[in-house]
Amino acid sequence: MLEFLAKLFWRDRDRRGSKEVAKERLRLVLVHDRTSTTPQLLEALKEELIKVIREYIEIDEESLEVSFNNIENSVALVANIQVLRVKKDLA
Amino acid sequence: MKGKVIVITSGKGGVGKTTTTANLGTALTMLGRKAVMVDTDIGLRNLDVVMGLENRIVFDIVDVVTGGIKLKQALIKDKRFEGLYLLPAAQTKEKSAVSPHQMKNICNDLKKEFDFVLVDCPAGIEQGFKNAIAGADEAVIIAIPEVSSVRDADRIVGLLEAAGLRKNQLIINRIRPRMVKRGDMMDIEDMIDILSVELLGVVPEDETVIVSTNKGEPAVIDTMSRAGEAYRRIARRLNGEEVPVITLGNEDKIFNRVRRMFKLASR
Ligand SMILES: Nc1ncnc2c1ncn2[C@@H]1O[C@H](COP(=O)(O)OP(=O)(O)OP(=O)(O)O)[C@@H](O)[C@H]1O
Ligand SMILES: [Mg+2]
């Protein structure tokens, strides 16, 4: 059964043609290239995020990570934020 | 006369900058314009051999900036095409033998005399690139439909914009219609979409490019060359004419039809 599914999946990937893979990979790599030419962008974004989130939730500001990822054919901005405590008066 | 300086660049090496410079320079003079091609690939000059002018070099660009040689003395006149000239690179010096400031002066002097100053940029983003773009009014970016080339082209567009160049147009080179059709090569739309720059033209993968380079005659003078035809169309576009970009599937069909007609006629 698993083998069957795997085969289906691979066949699907093959049929799609390598150009779709190329496009997907390019999108992500270019987002990285473009933002790393202005490292200020991600830093500024991080600062703003912290400011907004801090109003509602107590977070571990040191461990906050913001990055770009390839998720299901599109580029996603992923923020990994460790929650310490939700503020009482808002809960 | 006040012409424009167009730098032909790509980031990645070997994608067709020199081929494009030679073909567009020639095609523009075939349209009756005056054009000069400037080879800025100091240490690795090639535009001279692609044009078949390697035996005519006396002075080069480094002689002009350092040796007290007049610009006019270093220009090689291409006797086959009225109004076409080449300013060769030096072969034994390094990129640092010319500064961006000196390059800018040369470009400014040349555009007083020529309608088009085409600057063939070396690969990379270092000194040679900085020199090549120093005097440019516009840029033509060459990319082939491969991940590494598109990535480099994107980087180049960023650097050109940072340097204040506003008009940056793309030529997609070496496209193979059959691979595009089966989904194994990025198409024109894919590349424009990813790079978000204006398209200047598309040049197919074509053996006649190698044949013409072997002979030192640009492909645009071969009426049966598909790459030559593509370059002639791009030249008309640079010259201000509205020429539609042929999508490659169609071009293939049209070309085959024309070829069939020729075959029938010659029987
Ligand atoms: N449309 C094409 N079809 C077939 N071959 C091509 C095409 N365009 C370029 N070539 C070939 O690709 C090779 C590299 O071309 P060219 O020297 O113009 O690239 P370049 O970008 O100037 O390289 P460099 O970065 O080393 O200066 C040459 O052998 C040339 O003949
Ligand atoms: Mg070259």
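Quick note on labels: first sequence line is chain A, next is B, and so on, each numbered from 1.
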K.L.:
Does the side-chain contact (heavy atoms from CB on, under 4.5 Å) test come out yes or no for A:V29 and B:R151, once each step is laid out?
P.N.:
CA-CA 8 Å; A:V29 85; B:R151 182 195 198 174; 3.5 Å; yes
K.L.:
Could you give the distance from CG (B:D154) to CG (A:L26), rounded to the nearest 0.5 Å?
P.N.:
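B:D154 CG to A:L26 CG: 8.5 Å, rounded to 0.5 Å.
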K.L.:
Is it the backbone or the side chain of B:M186 that comes under 4.5 Å from a heavy atom of chain A, or both, or neither?
P.N.:
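Its backbone and side chain both get close to chain A.
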K.L.:
Could I get the full list of side-chain hydrogen bond (donor to acceptor under 3.5 Å, both in side chains) partners for A:R25, not counting sequence neighbours?
P.N.:
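Scan of A:R25 (side-chain hydrogen bond (donor to acceptor under 3.5 Å, both in side chains), adjacent residues dropped) gives none.
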K.L.:
So does A:D33 pair up with B:R155, basic N to acidic O under 4.0 Å?
P.N.:
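Between B:R155 and A:D33 there is no salt bridge, as every charged N stays at least 4.0 Å from the carboxylate O atoms.
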K.L.:
Is it true that atom CD of B:E94 has more than 12 heavy atoms of other residues, nucleotides or ligands lying nearer than 6.0 Å?
P.N.:
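Not more than 12 within 6.0 Å, no.
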K.L.:
So does B:K104 have more than 12 non-hydrogen atoms from other groups sitting under 6.0 Å from NZ?
P.N.:
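Not buried by this count: 12 neighbours or fewer within 6.0 Å.
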K.L.:
Quick one: NZ on A:K19 to CG on B:D187, what's the gap to the nearest 0.5 Å?
P.N.:
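It is 5.5 Å, given to the nearest 0.5 Å.
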K.L.:
Measure across B:V147 and A:A22 and return the closest heavy-atom pair with its distance rounded to 0.1 Å.
P.N.:
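That closest heavy-atom pairing would be CG2-CB, 3.7 Å.
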K.L.:
Look up atom CD in A:E20 and atom CG in B:D184, then write down how far apart they are to the nearest 0.5 Å.
P.N.:
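If I round to the nearest 0.5 Å, the distance is 10.5 Å.
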K.L.:
Kindly determine whether A:R27 and B:D193 satisfy side-chain contact (heavy atoms from CB on, under 4.5 Å), including the steps that lead there.
P.N.:
CA-CA 10 Å; A:R27 285 226 175 83; B:D193 184 39; 3.3 Å; yes
